[in-house]
Amino acid sequence: MARWHSEGSAIRYERGRALLHERRGEIDVAAMRELLSDHETSPSLCRHATESDRTSKTVFWVVADITDRRVRFGRGNPCDSREQTYAFA
């Protein structure tokens, strides 16, 4: 694995951790999608292909609520994709 790739993963991990910590346990489906849509760091949690970096991008997102027995997901970036829901019987 390229060093720049692992450094980018560490940046994204720390940003996600910080956002979760700010919520202090108040996490719901909307909060998770908001977290996945974050663009504050470089690389961001919500990865968009750019002219300078076409090596990776977000192709789908998913949030599973096991209590509600529903999975919300979307194709593409969580910041601008249509949410779909799968409900377990």
Side-chain angles (χ1 to χ4, degrees):
M1 180 182 330
R3 181 182 173 109
W4 62 266
H5 188 72
S6 61
E7 289 171 357
S9 293
I11 290 167
R12 295 172 74 222
Y13 170 77
E14 288 301 328
R15 177 65 179 163
R17 231 176 71 141
L19 290 171
L20 286 172
H21 180 74
E22 287 174 11
R23 297 270 182 179
R24 304 232 193 275
E26 299 297 321
I27 306 292
D28 59 10
V29 172
M32 285 303 299
R33 185 165 180 189
E34 183 180 325
L35 183 144
L36 293 172
S37 298
D38 184 75
H39 297 103
E40 290 301 312
T41 56
S42 181
S44 64
L45 294 175
C46 186
R47 296 292 305 263
H48 294 263
T50 63
E51 289 298 321
S52 63
D53 179 14
R54 293 193 172 271
T55 59
S56 66
K57 67 178 183 174
T58 300
V59 294
F60 75 95
W61 61 272
V62 63
V63 176
D65 183 339
I66 59 174
T67 304
D68 191 30
R69 300 175 57 93
R70 294 180 189 276
V71 176
R72 277 87 168 180
F73 61 96
R75 293 176 54 186
N77 294 85
C79 67
D80 63 6
S81 61
R82 185 174 65 90
E83 181 176 305
Q84 300 176 65
T85 302
Y86 179 84
F88 291 89

Undergrad: Using side-chain hydrogen bond (donor to acceptor under 3.5 Å, both in side chains) as the criterion, list what pairs up with Gln84, not counting sequence neighbours.
TA: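 Counting only residues at least two positions away or on another chain, Gln84 forms no side-chain hydrogen bond (donor to acceptor under 3.5 Å, both in side chains).
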Undergrad: Salt bridge check: are Arg33 and Glu83 linked by an N-O gap of less than 4.0 Å?
TA: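 Result for this pair is yes, salt bridge flagged.
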Undergrad: Cluster partners of Ile66, using ILVMFWY side-chain heavy atoms under 4.5 angstrom, listed by chain and number?
TA: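 Its cluster mates, by chain and number: none.
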Undergrad: To check you understand the geometry: which heavy-atom pair defines the closest contact between Tyr86 and Phe73, and what is its length?
TA: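 Residues Tyr86 and Phe73, closest heavy atoms: N-CE2, 4.0 Å.
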Undergrad: Is there a donor-acceptor pair under 3.5 Å between the side chain of Thr58 and the backbone N or O of Phe60?
TA: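 Judged by distance alone, no pair lies under 3.5 Å.
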Undergrad: Checking side chain to side chain donor-acceptor pair (under 3.5 Å) for the pair Arg70/Thr85: CA distance, chi angles, key distance, verdict?
TA: CA-CA 7 Å; Arg70 294 180 189 276; Thr85 302; 6.0 Å; no
Undergrad: Rounded to the nearest 0.5 Å, what's the gap from CD1 on Ile11 to CD on Glu40? Could you check?
TA: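 Output value for this atom pair is 14.0 Å.
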Undergrad: Between Lys57 and Ala49, what is the shortest heavy-atom contact and its length?
TA: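 Scanning both residues completely, I find the closest heavy atoms to be CB-N, 3.8 Å.
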Undergrad: Any chance you could measure Met32, atom CE, to Ser37, atom OG, to the nearest 0.5 Å?
TA: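 Here the rounded value is 10.5 Å.
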Undergrad: If you take all heavy atoms of Pro43 and Arg12, which pair is closest and at what distance?
TA: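 Shortest heavy-atom separation between Pro43 and Arg12 comes out as O-CG, 3.5 Å.
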Undergrad: With a 4.5 Å cut-off on side-chain heavy-atom distances among I, L, V, M, F, W and Y, is there a chain of contacts connecting Leu20 to Leu36?
TA: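 Cluster IDs for Leu20 and Leu36 match.
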Undergrad: Nearest 0.5 Å please: distance from the OG1 atom of Thr67 over to the CG atom of Asp28.
TA: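 That separation rounds to 12.0 Å.
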Undergrad: Keeping the roles fixed (side chain from Ser81, backbone from Asn77), state whether a donor-acceptor pair exists under 3.5 Å.
TA: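 Between the backbone of Asn77 and the side chain of Ser81 there is a qualifying donor-acceptor contact (under 3.5 Å).
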Undergrad: Give a yes or no on whether a salt bridge exists between Glu14 and Arg17, defined as a side-chain N under 4.0 angstrom from a carboxylate O.
TA: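 Yes, Glu14 and Arg17 are salt-bridged.
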